[in-house]
Amino acid sequence: MCGSLRTADAGTRVRIGGWVHRRRDLGGIVFLDVRDREGIVQVSFDPRWTPAEVLRGAAAVGVESVVLVEGEVGARPAEARNADLATGEVEVRAATLMTLGPAATPAIPVARTRGEEPAAEELRLRHRVLDLRRPELQANLVLRHRLLQATRRHLSDRGFLEIETPILTKPTPEGARDYLVPSRVHPGEFYALPQSPQLYKQLLMVSGFDRYFQLARCFRDEDLRADRQPEFTQIDIEASFVQREDIVTLAEGLIVALFAEAGLAVATPFPRLAYADAMERYGVDRPDLRYGLELFDASDVFRGADFGITRAALAAGGRVRGLRLPGGARFSRKQVDELEAIAKSAGAAGLIRLRSAGGALEGPVTRFLGPDAAARLGMADGDLALFVAGPDHVSNPALDRVRQEAARRLELIPPGALAFVWVLDFPLVERDAEAGRFTAVHHPFTAPHPDDLALLASDPARARAVAYDVVLNGTELGGGSIRIHAPDVQERVFRLLGITAEEARARFGFLLEGLRAGAPPHGGIAFGFDRLAMLLAGASSLRDVIAYPKTTAARALFEGAPAAVPPEELSALHLRTDTSDEAAGAAAGD
RNA sequence: GGGACUGUAGCUCAGCUGGUUAGAGUGCCGGUCUGUCACACCGGAGGUCGCGGGUUCGAGCCCCGUCAGUCCCGCCA
């Protein structure tokens, strides 16, 4: 209750427990700031109301110790109020003090001095007990709790059942790498931790639980990023007898509820973009719509120009695409070089630059273009245009990155803007460059668009899926699809993906059997919950909204996982480890 | 798997072109102090410059390797 005391409490006798945030020892009088999860309150130890030995104790107590104080809440003298503190009008006048949990000097500070950087990430993770005491992280975890509860309330109120699915599941060779768990009773066999509850939730639909949700822990053994942890939480949703619109509406309602929990108003319905349009206009399937800067096709303007780079690209069937940056002409040569470096790092050979200044175009390719080029490119005075010549699969990622960086530099991003968009009609499959076969864009259970069923045989790459992603400010919040519920369609898609009937039976037999048992049409969506919490908490790393996160090397520094196990445990699991790589490295070092 | 950055006192950081005894703030310890709130003031302790090797008369600084953390690419159906 430390943080909740107010003027109205003045005169009441209270007993408060908390952690010593700071100590100010003035000699004859001592102040302790005592902190609990609700906030901080000042406790004053003064001979007028504090026995001498209690006062001596207060002078000796170390920060971060757990104390229990009894005393009377009093209004502070007018000149001693603290407007920076929610409890700053009052203080607790201590009569007693008990140190219930004396603390060693903290390895990292909890109460930071003004302007001080937080401790290094490694130390924060190693001393997580202390780091989690910081008010920022406490606020993040409180918000996370509220989002979890709001999710449960919202979905339960709409008839969705929370059903848990197994954590020990069947390994799947497709998709991300599995975390494996050896079986003790079945030598040589393994469970896998779920990458998502996908098949379980579909089979729940087959069993008649027509509305399901779960706050599902998912595990993927892939390399990490600031917004990617090896274990994470999904809001996993599935419903029967639904079409895309039902899921879209449900998802928008949930998003409204969750953002409201964080005090943000969200307008629905969200705008929508077909995947093909998103790629054409933004070069990416999760466009940031907080600003314009749409890409456009300038191939016609460059066609016939005697300029080697664009001529070669156009002759090879590529295009010249680019974007106009209003006011971008003021970028220095160096700044444009930096944008070009970004385009290059995304795979482009370079950027073709055109600057409109003083009513004329400037740039190395100007002399190859007609006199009406500026008008045809829609360029106004002071604009800069940047182009990439080549196939779309090169220009898309390059222009996407350039567009994002240019928007930042031109300060086109309105603070606080929330630009939601649905991206619809994803392709069903794409050709895997190295394997030379088709792979599912979403996953192998996604329903083909009913109008495109014939394309599965004739031109699979053009077939659309009934899949949808919801995107906020260029970040994917969630995605889902209507699933295949007809066993013959599922078998056709497996075939398309190069999965033989035999493989399909071995790997997904339980799904096919389920679909043959009488399956309703169904579909769903999943949201990355941690990322959502991070966004709403205004955090820049997932680690700040997870109580006990892993490092980018998937280590848990706090408890020390993963860890070696005694040989007896390994042999009970019928395992032998082979760390010969490390052994060879060590030997070479001698 | 690849790239970039970082690693100096408990914590946050500085340390010049390679040159005498490696510094500051904060925390910690001791002292003074009755209205502070980053209390103030005085004094003190505190260092494997991540680790290993090399270059050099001499390395915190240069080179190679390695470990850890972070960010990015690949990867993440």
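Lettering of chains follows the sequences in order, A, B, ..., and the numbering in each one begins at 1.
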Base, sugar-phosphate, or nothing: which does A:A226 touch, judged by heavy atoms less than 4.0 Å apart? sugar-phosphate
For the aromatic rings, using the six-membered ring if either is Trp, is the centroid distance between A:Y548 and A:F558 under 6.0 Å? yes
Side chain of A:L125, heavy atoms from C-beta onward: which of B:rG35, B:rU70, B:rC76 has the nearest atom to it? B:rU70
Of B:rU12, B:rC11, B:rU36, the nucleotide closest to the side chain of A:I108 is B:rC11
If we take the C1' atom in both B:rG65 and B:rU21, what is their distance in whole Å? 32 Å
Value in whole Å for how far the C1' atom of B:rC39 lies from CG of A:D33: 11 Å
Scan A:L557 against the nucleic acid and name what it touches under 4.0 Å (heavy atoms): base, sugar-phosphate only, or nothing. sugar-phosphate
Please report, rounded to the nearest Å, how far the P atom of B:rC71 is from the CG atom of A:D223. 13 Å
Please name the nucleotide paired to B:rG35 by Watson-Crick or G-U wobble geometry with both distances under 3.5 Å, or report none. none
Just to be sure I understand the rule, does A:D25 reach a base, reach only the sugar-phosphate, or reach nothing, if contact means heavy atoms closer than 4.0 Å? base
Neighbour count >12 (heavy atoms, 6.0 Å) for atom OH, A:Y191: no
Let me know the distance between CG of A:L123 and P of B:rU6, rounded to the nearest Å. 18 Å
Once hydrogens and angles are ignored, does a donor-acceptor distance under 3.5 Å link the base of B:rG27 to the side chain of A:R112? no
On RNA chain B, nearest-nucleotide positions of A:R48 versus A:H442: which is more 5'? A:R48
note: A:I499, atom CD1; B:rA77, atom C1'; distance rounded to Å ~ 10 Å
Spacing of the C1' atoms in B:rG2 and B:rG50 (rounded, Å): 23 Å
Can you find a donor-acceptor pair, distance only, under 3.5 Å between A:E122 side chain and B:rU70 base? no
Any strand, both distances under 3.5 Å, Watson-Crick or G-U wobble: B:rA9 pairs with none
Classify the ring geometry of A:Y200 against A:F510: parallel below 30°, tilted from 30° to 60°, perpendicular beyond 60°. tilted
Between A:F438 and A:R431, is there a cation-pi geometry (under 6.0 Å to ring centre, at most 45° from the normal)? yes
Taking the minimum atom-to-atom distance to the side chain of A:R225, which one of B:rG74, B:rU12, B:rU34 wins? B:rG74
Select base, sugar-phosphate, or nothing to describe what A:E117 touches, counting heavy atoms under 4.0 Å on all strands. sugar-phosphate
A:R220 side-chain N/O to B:rC75 phosphate OP1/OP2 under 4.0 Å: no
Under 30°, 30 to 60°, or over 60°: which ring-plane class applies to A:F494 and A:F508, parallel, tilted or perpendicular? parallel
Remember a base hit wins even if backbone is also touched, and classify A:A111 as base, sugar-phosphate or nothing at under 4.0 Å, heavy atoms. nothing
Would you say B:rC28 has OP1 or OP2 under 4.0 Å from some side-chain N or O of A:T105? no
A:V63 has its side chain closest, among B:rA77, B:rU34, B:rC28, to B:rC28
Base B:rG35 to side chain A:E91, donor-acceptor N/O within 3.5 Å cut-off: yes
Expressed as a whole number of Å, how far does the P atom of B:rG7 sit from that of B:rU12? 11 Å
Among B:rC76, B:rG35, B:rU34, which is the nearest nucleotide to the side chain of A:P47? B:rU34
Name the nucleic acid region contacted by A:P118, choosing base, sugar-phosphate or nothing; use a 4.0 angstrom heavy-atom cut-off, strictly under. sugar-phosphate
Check every strand shown and say whether A:S196 touches a base, only sugar-phosphate, or nothing at a heavy-atom separation below 4.0 Å. base
Tell me whether the side-chain N or O atoms of A:R76 pair up with the base of B:rU36 as donor and acceptor below 3.5 Å, since no angle test is needed here. yes
Pick base, sugar-phosphate or nothing for A:V441, based on heavy-atom distances below 4.0 Å to the nucleic acid. sugar-phosphate
Could you walk me through whether A:L511 and A:F445 satisfy the side chain to side chain contact (heavy atoms under 4.5 Å, CB included) test, starting with their C-alpha distance in whole Å, then the side-chain angles of each, then the deciding distance to 0.1 Å, before giving a yes or no? CA-CA 10 Å; A:L511 172 70; A:F445 321 109; 3.5 Å; yes
Determine yes or no for a side-chain-to-main-chain donor-acceptor pair under 3.5 angstrom, with A:E222 supplying the side chain and A:R177 the backbone. yes
Can a donor-acceptor pair under 3.5 Å be found between the side-chain atoms of A:R81 and the base atoms of B:rG35? no
For nucleotides B:rA45 and B:rG58, find the distance between their P atoms and express it as a whole number of Å. 32 Å
How long is the span from the CG atom in A:D33 to the CG atom in A:N82, to the nearest 0.5 Å? 8.5 Å
Just call it for A:L224: base, sugar-phosphate, or nothing, with non-hydrogen atoms closer than 4.0 Å on any strand. nothing
Would you indicate, yes or no, if B:rU70 has its OP1 or OP2 atom less than 4.0 angstrom from a side-chain nitrogen or oxygen of A:R543? yes
If I take atom NZ in residue A:K550 and atom C1' in nucleotide B:rG69, what distance separates them, rounded to the nearest angstrom? 16 Å
With a 4.0 Å cut-off on heavy atoms, is A:P109 in touch with a base, just the backbone sugar-phosphate, or nothing at all? sugar-phosphate
Under 4.0 Å from OP1 or OP2 of B:rC75: is there any side-chain N or O of A:R228 that close? no
B:rU36 phosphate, OP1 or OP2: any side-chain N/O from A:R24 under 4.0 angstrom? no
A:A119 side-chain proximity, nearest of B:rC37, B:rA77, B:rU12: B:rU12
Distance, P atom - from B:rG23 to B:rC39, rounded to whole angstrom: 28 Å
Partner of B:rG46 under the Watson-Crick or G-U wobble criteria, both distances under 3.5 Å, comes out as none
